[in-house]
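Just below is one structure, and these are the notes that go with it.
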2 protein chains.
Amino acid sequence: MPKAYEVIADDLRRSIRAGERGPGDRLPSETDLARYYRRSVPTVQNALRLLSAEGLVDRRHGRGTFVRRPRTVAVRDNGRHQWEKDRARKAPAERAGTGATEHDTGLCQRDLVFHAQYREVSAPRDLADAFGVPVGTALLERTYRTHCATESAPFSLVTSYLVRDLIAANPALLDETNEPWPGGTQNQLYTVGVEVARVEERVTARPPAPEEARELDLPAGTPVLLLRKTSYDINDRVVDISDVTLPGDRTELLFTTPLERW
Amino acid sequence: MPKAYEVIADDLRRSIRAGERGPGDRLPSETDLARYYRRSVPTVQNALRLLSAEGLVDRRHGRGTFVRRPRTVAVRDNGRHQWEKDRARKAPAERAGTGATEHDTGLCQRDLVFHAQYREVSAPRDLADAFGVPVGTALLERTYRTHCATESAPFSLVTSYLVRDLIAANPALLDETNEPWPGGTQNQLYTVGVEVARVEERVTARPPAPEEARELDLPAGTPVLLLRKTSYDINDRVVDISDVTLPGDRTELLFTTPLERW
DNA sequence: GAGTGGTCTAGACCACTGT
DNA sequence: CAGTGGTCTAGACCACTCC
C-alpha cells in the first residue's frame, strides 16, 4: 500500500526533477498542498520533511518551501600542501598571504575573517596513539573559524594539534595573538626545524551534530565532510594532526595523484 | 521557549553521549517515552526522528529504537592507483586479483560479488566537456555494483565512462561478460596503448537519493560520499571518468600527498 | 494583519517483529 | 499473540516574515 506522504513526495520530487519547478521556486503552502492532495497538513509536512532531508527543498519558517539551488562550492586542493611548503622558507613579505586557505579559495587575506584560539590540553587516547606519545602528553590545541567576509557562516571549522614540546623552542608559536601566521603551519614548524615530508588526509561524511549545523549554518539534511589531516616530517614522525569540518554542500575536495611513468 | 521535542532529544542525546546508553542498547518504546516525558507519541517521534537524522539512533520498525554503533569502515586509498598501474603490464596470472578494490578492502576476489553492466550512450554536456569531445560522442557507460559476499548491501556504486572510439581497437573491452577484468581499467586501457599519468578525484557529500539509500541500505540520515575520478593519459587527455557513490558511514577515503624535499 | 511554516494533541489504525 | 514503530487525522495555537 502506497503511503500518502510518499505519494506526495514522489509527485513533488518528479516535478522538481522534470524542471516543472526550477531552483528558487516556491512550492504551494502546506495548507494548499493539503487541500490539493486531500490529505492533512501533518501528512504534507511529512512529505516536505522527506524532500528537505534529501536536499531537494529548503523550508523557511514564515516564508515558504523553496526548491533548493545548488550551492557554489569552495574547492580544497591537495596541491595546497606543496604550495604552502614552497613558501615556508621565504621571507615574511613573500608569505603575506598567510596559509593555504587563500590558495584554495582564490581570495586574499582581506576577504577572509579569521578567528583563532589556543589552548593547552593533555593528549587523549586516540591523539596520543596517532602522535606516538604517552597518553597525557601536553598538546597545543588550536581551533580556527574561517569566514568569508561577505558571508556569515564559516566555511570550515579546524582543530589542529601539535605536541607542545616540539614547538616550545619558539614561544611565539604558543601565542594565539600571532595568528594569522604568515605562511601557515608549515612555516611555523619550519621555525622549530621541522620539515613536512608528506600529508595524509582521511575523509568521511556524516550528519552534522546540532552545534555543527548551527555554526556552519547548514540547512536540514546537509551532511558534513570530516577530514583528518596528518602531517609527517622527514623522519616519518607525526608533527601535526588537524580535524577539519566542512559543509558538504559547499565544499569539493580535489586530490591529484601523479603516477610513475612506464 | 524550549520546544518539547527538542527537550526530549536533548535529554536522550545527553544520555547517549554520557554513555548511560551504550551502542546497541534499545531505548524505551515510544509510548513509554511519551508517558515518561508527559508528551504525545508524535512529539516523541519528532525527537527520535531528529536523533535518527543525526545518526545517533536507528529506528527499526516493529523492533525498537537502538543506539547506533559505529560501522566498520572500508578504506579507499589513493595508493590504489599506482598499485593498479604497476600491475597493468604484468602477465594475466599476476593480475588475477582483478582491480584496485581488492587492494583497498584486503579481500580477495572470492569474497567479493561483482556485477557489471555495459551500455552505449551519447555524451551529455558535462561529460563531453570533461572529455573534450563534442556533445553526442559515443561513450561506453559501465556500471558496477560491488558486494561483500557476507553482506547484502554493496559498498560502492560505480559508473565509469570511456570514449568508445578510444577503446574500440580491442573489441573485448566492449563486452561486459569479460568482467571482472583482471587488472582493472588501467590494464584495459593498456591494451589499447593508453598509459594513465595522473588521477584526479573530486569528493563531495550529500544526502542520498531514495534509490541510493535503497541500494546501499543506508539508515536514515546517512549521507553518501560522491567521488568523481578523472584519469589523464601521458598527453593530458581525459581517458576515463568514473562516478563513485559510497556510503558515508562505512567509507573512509585516504589520500597521501608526498611533498618535495628541501 | 495576512500568510507562511512549526509544534502539538489524543486517539485511531496499520505493519512489522519475535514468541 | 503482544509489543513495537509507522502513518494519519482534524484541528488548535504559535512563531516568523513581509507588507
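Each chain gets a letter, A, B and so on, in the order the sequences are listed, and its residues count up from 1. Basis for what follows: all heavy atoms, side chains included, without hydrogens, waters or symmetry-related copies.
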Partner residues of [X] under the salt bridge (charged side-chain N to carboxylate O under 4.0 Å, His left out) criterion, sequence neighbours left out:
{"X": "A/Arg38", "result": "none"}
{"X": "B/Arg214", "result": "none"}
{"X": "B/Arg13", "result": "B/Asp10, B/Glu54"}
{"X": "B/Glu211", "result": "none"}

Taking [atom1] from [X] and [atom2] from [N], how many angstroms apart are they, rounded to a whole number?
{"X": "B/Leu33", "N": "D/dG6", "atom1": "CG", "atom2": "P", "value": "13 Å"}
{"X": "A/Arg59", "N": "C/dG3", "atom1": "CZ", "atom2": "C1'", "value": "16 Å"}
{"X": "A/Tyr5", "N": "D/dT9", "atom1": "OH", "atom2": "C1'", "value": "16 Å"}
{"X": "B/Leu48", "N": "D/dG5", "atom1": "CG", "atom2": "P", "value": "8 Å"}
{"X": "B/Lys3", "N": "C/dT9", "atom1": "NZ", "atom2": "C1'", "value": "18 Å"}
{"X": "A/Asp58", "N": "C/dT4", "atom1": "CG", "atom2": "C1'", "value": "14 Å"}
{"X": "B/Phe66", "N": "D/dG3", "atom1": "CZ", "atom2": "C1'", "value": "12 Å"}
{"X": "B/Leu27", "N": "D/dG6", "atom1": "CG", "atom2": "C1'", "value": "17 Å"}

Of the candidate nucleotides [options], which contains the atom at the shortest distance from the side chain of [X]?
{"X": "B/Ser29", "options": "D/dT7, D/dT4, C/dT4", "answer": "D/dT4"}
{"X": "B/Glu30", "options": "D/dC8, D/dG6, C/dG6", "answer": "D/dG6"}
{"X": "A/Thr65", "options": "C/dG5, C/dC8, C/dT4", "answer": "C/dG5"}

_Has B/Glu30 got a side-chain atom pairing as donor or acceptor with B/Val41's backbone, closer than 3.5 angstrom?_
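Not a single qualifying donor-acceptor pair exists.
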*By side-chain hydrogen bond (donor to acceptor under 3.5 Å, both in side chains) - contacts of A/Asp126 (at least two apart)*: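 side-chain hydrogen bond (donor to acceptor under 3.5 Å, both in side chains) check on A/Asp126 returns nothing, list empty.
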*How do B/Gly64 and A/Ala4 order along DNA chain D: which one's closest nucleotide is nearer the 5' end?*
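The residue mapped nearer the 5' terminus is B/Gly64.
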*Of A/Glu6 and B/Asp32, whose closest DNA chain D nucleotide lies nearer the 5' terminus?*
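Residue closer to the 5' terminus by nearest nucleotide: B/Asp32.
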*Partner set under side chain to side chain contact (heavy atoms under 4.5 Å, CB included) for A/Arg49, not counting sequence neighbours*: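 Result, side chain to side chain contact (heavy atoms under 4.5 Å, CB included) vs A/Arg49: A/Asn46, A/Arg59, B/Asn46, B/Arg49.
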*asked:* Could you work out, with side chain to side chain contact (heavy atoms under 4.5 Å, CB included) as the rule, every residue matching A/Val121, not counting sequence neighbours?
replied: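 For A/Val121, the residues satisfying side chain to side chain contact (heavy atoms under 4.5 Å, CB included) (neighbours in sequence not counted) are A/Arg119, A/Leu139, A/Glu141, A/Tyr161.
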Close N/O contacts between protein and nucleotides 16-19 of chain D (under 3.5 Å):
unit_1	atom_1	unit_2	atom_2	d
D/dC18	OP1	A/Arg63	NE	3.0

*With a cut-off of under 6.0 Å to the ring centre and 45° to the axis, is A/Arg60 in cation-pi contact with A/Phe66?*
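Positive - A/Arg60 is close enough to the ring of A/Phe66 and near enough to its axis.
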*Can you spot which of A/Glu84, A/Lys229, A/Arg142 makes a side-chain hydrogen bond (donor to acceptor under 3.5 Å, both in side chains) with A/Thr185?*
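By the side-chain hydrogen bond (donor to acceptor under 3.5 Å, both in side chains) criterion, A/Thr185 pairs with just one of A/Glu84, A/Lys229, A/Arg142: A/Arg142.
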*For DNA chain D, the residues among residues 34-45 of chain A that have a non-hydrogen atom under 4.0 Å from it*: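 Those residues are A/Arg39, A/Ser40, A/Pro42, A/Thr43.
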*How would you list, by chain and number, every residue that makes a ring-ring contact (aromatic ring centres under 6.0 Å, His included) with B/Tyr144, sequence neighbours excluded?*
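Here the qualifying residues are B/Phe114.
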*NA contact type, A/Arg49, heavy-atom cut-off 4.0 Å: base, sugar-phosphate, or nothing?*
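Result for A/Arg49 = nothing.
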*Does a side-chain N or O from A/Arg26 land closer than 4.0 Å to OP1 or OP2 of C/dT4, or not?*
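For C/dT4, OP1 or OP2 has a side-chain N or O of A/Arg26 closer than 4.0 Å.
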*Could you tell me, to 10°, how much the axis swings from one end of the helix from C/dG1-D/dC18 to C/dG18-D/dC1 to the other, five pairs per end?*
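What I find for the helix from C/dG1-D/dC18 to C/dG18-D/dC1 is an axis angle of 20°.
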*All pairs passing salt bridge (charged side-chain N to carboxylate O under 4.0 Å, His left out) where residues 16-29 of chain B contributes a residue, at least two apart*: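 Counting only pairs at least two positions apart or across chains, the salt bridge (charged side-chain N to carboxylate O under 4.0 Å, His left out) contacts touching residues 16-29 of chain B are B/Arg14-B/Glu20.
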